[in-house]
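Before any comments, here is the structure.
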Amino acid sequence: MKLKDRLSIYSVLIFSVVIFMASAAIYISFYKWMKQNEIAVLENKTLLAAIYYLEADEVSHSEQESTKERLRKSISRKNIAVFNELGFLAKGEMDETQAITNEFLESVRKNHRSSFSTDEYFYNGLFYKDNEGDFVVVTRESKNEFNSQLYSLLQILIIVFLIGVVLIFLLSQFLGKVAYEPLMKIIDQIKARDNQNFTKPIESKNTYTEINDLVATYNHFIDRLDRTFQIQKNFIDYVSHELRTPITALLGTLEVTNKKERTSEEYQEVLVQLNQYVTDLDETLDKMMLLSGAKTNFEFSKLHMDEIIWQIIEPMILYHNAKIEVDLQVKNSDYLQIQGNLQLLQLAFNNIIENAIKYSDNQPIRIVLKEVDQKLLIQVIDSGIGIPSKDLQNIRQNFFRGTNTQNYNGKGIGLSMANIIFKLHHIRLDITANKPKGTLVQLTFE
């Protein structure tokens, strides 16, 4: 069942319960009001009947005739009964008095007035003292009109209830269609995605806050998924490229070595070469596993960027005599704290700094940490061979090397690997020429 249909049913059920309770309250209230009104009118008629029958000997003929006319217009004498002190019918023309019990007459004498009802009539009794004795005057009124009005009210309430249920269902369907239209558009956009365009963000315009949050969450999820797929793709590319080189070298060396007998010194040299190939292969596998998440699972924690920088450059300074100047301009240490993966960031920054040292022939490089627009900015500045302007747009691609790097060893994966890691950490990588020579690598922490 569709969600909007289910909500329509829920709306109808809730409306049905509410309107039923309201209708019941209206019906009961109207019933009580009508009954009280009937009794009040009947009380006036009872008093008029008492005056007509018991005061006839004390009023003038004209007054008696006036009372008689008023009585005729208000109640039939067949609905009047006057009982004496002994409980016998003394006056009136009510023919059926079985419903009037002695208990009721006693109640009237005790309370001076009382009333009750049967299926067909309302009854009202009045205790009246006269010079001829004490009497109980009882009148009755047919319930036909009363029941007819209640039945009409019941019909109206049922009709209103049924029409309301239908209207609520139709309105719920209409509002559901309007409310879920943005959601249906999102579903249509998702259905239109395939392996070629699944990373395209979902668009939503002029819609609800909840829908915007859903779209933002989905787009963020797809963005992270795309980065993960990109990492896996690059991992496969790196493995196929990096493993082929040392494995080919290993096989070639073994094949050449087996072609003829060699001296122990020559075998020692071959073993050294093979050991270097194996070491390179082991390092490559470590990097590939690290980048794929096999070793780290991309667990993020709170890190300090200045500490990471020092952990990277200290071995370079101590063991490779690298000339590195660190310029820490950040006054608020909070900007130096980020959520990230230590091993991945170390790998990325190590590639950036190693490139700066290598392509500047170990000339001094400068690392600047500063805050710009309330964001951390790290610059790695060298005065090396630089990157030709025509190569800048391709420099992040896998296995791409600048046209001026023929005299330097490299495989073209360090910068592309660093770029992927920075994207994973929401760090923007910008590479420009450093005047008068060299390269400026700028990292902006979003």
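Note that the structure is predicted; figures quoted are calculated from it, not measured.
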Would you compute the distance between atom [atom1] of [X] and atom [atom2] of [Y] and round it to the nearest 0.5 angstrom?
X: Thr67; Y: Arg72; atom1: OG1; atom2: CZ; result: 13.5 Å
X: Leu48; Y: Lys73; atom1: CG; atom2: NZ; result: 12.0 Å
X: Leu377; Y: Thr444; atom1: CG; atom2: OG1; result: 4.5 Å
X: Glu85; Y: Phe135; atom1: CD; atom2: CZ; result: 7.5 Å
X: Arg70; Y: Ile51; atom1: CZ; atom2: CD1; result: 7.0 Å
X: Leu328; Y: Ile309; atom1: CG; atom2: CD1; result: 10.5 Å

Any side-chain donor paired with an acceptor under 3.5 Å for [X] and [Y]?
X: Asp327; Y: Gln329; result: yes
X: Thr403; Y: Asp391; result: yes
X: Gln346; Y: Asn350; result: no
X: Gln397; Y: Asn394; result: yes

Other residues, nucleotides and ligands only: do more than 12 of their heavy atoms fall within 6.0 Å of [atom1] on [X]?
X: Tyr27; atom1: OH; answer: yes
X: Gln374; atom1: CD; answer: no
X: Lys35; atom1: NZ; answer: no
X: Phe174; atom1: CZ; answer: no
X: Glu65; atom1: CD; answer: yes

Any side-chain heavy atom of [X] within less than 4.5 Å of one from [Y]?
X: Val368; Y: Ile378; answer: no
X: Leu303; Y: Gln337; answer: no
X: Arg428; Y: Phe445; answer: no
X: Gln64; Y: Lys68; answer: no
X: Ile308; Y: Ile312; answer: yes
X: Leu424; Y: Leu344; answer: yes
X: Glu120; Y: Asn144; answer: no
X: Ile357; Y: Ile324; answer: yes

Among Arg140, Arg77, Lys78, find the one that has a salt bridge (Lys or Arg N to Asp or Glu O under 4.0 Å) with Asp95.
->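 Only match with Asp95 under salt bridge (Lys or Arg N to Asp or Glu O under 4.0 Å): Arg140.
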
How about His425 and Phe300: are their ring centres within less than 6.0 Å of each other?
->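 Yes, ring centres under 6.0 Å apart.
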
So, Phe422 versus Phe349, ring centres under 6.0 angstrom or not?
->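 Yes, ring centres under 6.0 Å apart.
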
Quick check: closest heavy atoms across [X] and [Y], and the distance to 0.1 Å?
X: Asp382; Y: Ser360; value: CB-CB, 4.2 Å
X: Val137; Y: Thr46; value: O-CG2, 3.4 Å
X: Ala49; Y: Ile80; value: CB-CD1, 3.7 Å
X: Leu345; Y: Met305; value: CD1-SD, 4.3 Å
X: Gly386; Y: Thr439; value: CA-OG1, 3.2 Å
X: Tyr335; Y: Lys375; value: CE2-N, 4.3 Å

Would Lys331 and Glu371 pass as an ion pair if we require N to O under 4.0 Å?
->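 No, no charged N to carboxylate O under 4.0 Å.
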
When you measure from the side chain of [X] to the backbone of [Y], do you find a donor-acceptor pair of N or O atoms at a distance under 3.5 Å?
X: Lys143; Y: Thr118; result: yes
X: Lys45; Y: Ser74; result: yes
X: Thr405; Y: Arg401; result: no
X: Ser29; Y: Ala25; result: yes
X: Ser107; Y: Glu103; result: no
X: Asp130; Y: Glu132; result: yes
X: Asn84; Y: Gly87; result: yes

If a pair satisfies ring pair (Phe, Tyr, Trp, His ring centres under 6.0 Å) and one of its residues is in residues 70-103, list it, with sequence neighbours excluded.
->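 Qualifying pairs, neighbours excluded: none.
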
Listed once per pair and sorted, the ring pair (Phe, Tyr, Trp, His ring centres under 6.0 Å) pairs that draw on residues 151-170, sequence neighbours left out |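 Every pair satisfying ring pair (Phe, Tyr, Trp, His ring centres under 6.0 Å) with a residue in residues 151-170: there are none.
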
Contacts of type side chain to side chain donor-acceptor pair (under 3.5 Å), residue Gln173, not counting sequence neighbours =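 Counting only residues at least two positions away or on another chain, Gln173 forms a side chain to side chain donor-acceptor pair (under 3.5 Å) with Asp5, Ser8.
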
Hey, which of Ile100, Thr139, Leu89, Val82 is the one that makes side-chain contact (heavy atoms from CB on, under 4.5 Å) with Met94?
->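 Answer to the side-chain contact (heavy atoms from CB on, under 4.5 Å) test with Met94 among Ile100, Thr139, Leu89, Val82: Ile100.
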
List the steps, then state whether side chain to side chain donor-acceptor pair (under 3.5 Å) holds for Asn124 with Ser115.
-> CA-CA 4 Å; Asn124 179 256; Ser115 60; 4.7 Å; no

Going through the checks in order, is the side chain to side chain contact (heavy atoms under 4.5 Å, CB included) test met by Tyr121 and Ser142?
-> CA-CA 5 Å; Tyr121 295 96; Ser142 174; 4.2 Å; yes

Begin from the C-alpha positions of Leu347 and Met417 and carry the test side chain to side chain contact (heavy atoms under 4.5 Å, CB included) through to its verdict.
-> CA-CA 9 Å; Leu347 175 61; Met417 184 184 298; 3.4 Å; yes

Could you walk me through whether Tyr128 and Glu55 pass side chain to side chain donor-acceptor pair (under 3.5 Å), step by step?
-> CA-CA 11 Å; Tyr128 198 92; Glu55 297 293 339; 2.6 Å; yes

Mind checking whether Phe116 and Phe104 have parallel, tilted or perpendicular rings, split at 30° and 60°?
->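 Rings of Phe116 and Phe104: perpendicular, as their planes differ by over 60°.
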
Aromatic ring pairing His426/His220, orientation class (parallel under 30°, perpendicular over 60°, tilted between) |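 Rings of His426 and His220: parallel, under 30°.
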
Start with the C-alpha gap between Val136 and Leu126, add the side-chain angles, then the distance that decides, and say whether side chain to side chain contact (heavy atoms under 4.5 Å, CB included) holds.
-> CA-CA 6 Å; Val136 174; Leu126 175 67; over 6 Å; no

Can Ser16 and Val165 be said to form a side chain to side chain contact (heavy atoms under 4.5 Å, CB included), step by step?
-> CA-CA 7 Å; Ser16 299; Val165 168; 3.7 Å; yes

